[in-house]
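To start, the structure under review is shown below, and the notes come after it.
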Amino acid sequence: MIRHVVVFTWSPDADAERRAATVAALRNLREDVGGMTSLVVAEDAGLTEGNADAVLIAEFPDAEAFRRYAQDPVHLAVIAEHVRPILAARSAVQHEA
């Protein structure tokens, strides 16, 4: 199994409505793209100063399923239309689980 973890920091000018729409679009990826065995998208609880704003954790049965997801046009559209316009920083890792 491959686990894909992405941590997002939104730009300071990203308002609450835009952040919520982006999180919703990311959460819809499981239905809209598929190939995942699980997907969690969560906003930071605000317990520690300096944390990132949101995290996406997706699990895939194998590396090929992850690659299909990464190249899927719907996934790429969510990134282009929702994520990039409000993104200040992003970090990701894929690992075997």
Side-chain angles (χ1 to χ4, degrees):
M1 175 182 359
I2 297 296
R3 184 172 294 138
H4 172 56
V5 180
V6 185
V7 178
F8 303 98
T9 300
W10 308 132
S11 62
D13 58 334
D15 63 31
E17 183 177 326
R18 188 67 190 255
R19 291 176 183 216
T22 300
V23 167
L26 291 169
R27 286 179 176 151
N28 287 336
L29 287 172
R30 186 166 186 189
E31 292 176 18
D32 295 344
V33 175
M36 299 169 220
T37 57
S38 70
L39 174 68
V40 174
V41 179
E43 295 182 84
D44 182 61
L47 303 177
T48 304
E49 184 73 27
N51 281 1
D53 295 305
V55 65
L56 177 149
I57 304 167
E59 293 183 343
F60 298 87
D62 53 39
E64 188 54 39
F66 167 75
R67 288 186 188 103
R68 283 192 303 272
Y69 159 82
Q71 298 172 1
D72 186 277
V74 173
H75 172 242
L76 296 175
V78 167
I79 292 169
E81 296 169 19
H82 292 280
V83 175
R84 282 199 185 120
I86 65 168
L87 189 64
R90 174 194 175 276
S91 187
V93 64
Q94 295 83 41
H95 68 90
E96 290 197 32

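This one's a predicted model, so the numbers in the text were calculated from it and none came from an experiment.
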Under 3.5 Å: donor-acceptor pair, side chain of [X], backbone of [Y]:
{"X": "Arg30", "Y": "Thr37", "value": "yes"}
{"X": "Thr9", "Y": "Ala88", "value": "no"}
{"X": "Ser11", "Y": "Ile86", "value": "yes"}

For residues [X] and [Y]: do they belong to one hydrophobic cluster (side chain heavy atoms under 4.5 Å, members Ile, Leu, Val, Met, Phe, Trp, Tyr)?
{"X": "Phe60", "Y": "Val74", "value": "yes"}
{"X": "Val6", "Y": "Val41", "value": "yes"}
{"X": "Leu56", "Y": "Leu87", "value": "yes"}
{"X": "Val93", "Y": "Val55", "value": "yes"}
{"X": "Val5", "Y": "Met36", "value": "no"}

Any chance you could measure Thr22, atom OG1, to Glu81, atom CD, to the nearest 0.5 Å?
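Separation between the atoms: 10.5 Å.
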Could you state the interatomic distance from CG (Leu39) to CD1 (Ile57), rounded to the nearest 0.5 Å?
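Answer for the CG-CD1 pair, Leu39 versus Ile57, is 9.0 Å.
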Considering non-hydrogen atoms only, spot the tightest contact between [X] and [Y] and give its length.
{"X": "Ala80", "Y": "Pro85", "value": "O-CD, 3.4 Å"}
{"X": "Ala52", "Y": "Asp44", "value": "O-CB, 3.2 Å"}
{"X": "Gly35", "Y": "Pro61", "value": "O-CD, 3.3 Å"}
{"X": "Ala21", "Y": "His82", "value": "O-ND1, 4.0 Å"}

Pairs in or reaching into residues 86-97: which pass side-chain hydrogen bond (donor to acceptor under 3.5 Å, both in side chains), with residues at least two apart or in two chains?
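As it turns out, the side-chain hydrogen bond (donor to acceptor under 3.5 Å, both in side chains) pairs with a partner in residues 86-97, which skip direct neighbours, are His4-Gln94.
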Does the side chain to side chain contact (heavy atoms under 4.5 Å, CB included) test come out yes or no for Leu26 and Val83, once each step is laid out?
CA-CA 9 Å; Leu26 291 169; Val83 175; 4.0 Å; yes
Parallel, tilted or perpendicular: which describes the rings of Phe8 and Trp10, with under 30° parallel and over 60° perpendicular?
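Phe8 and Trp10: parallel rings.
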Less than 4.5 Å apart, any side-chain heavy atom of Asp53 and any of Glu43?
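They are not in side-chain contact.
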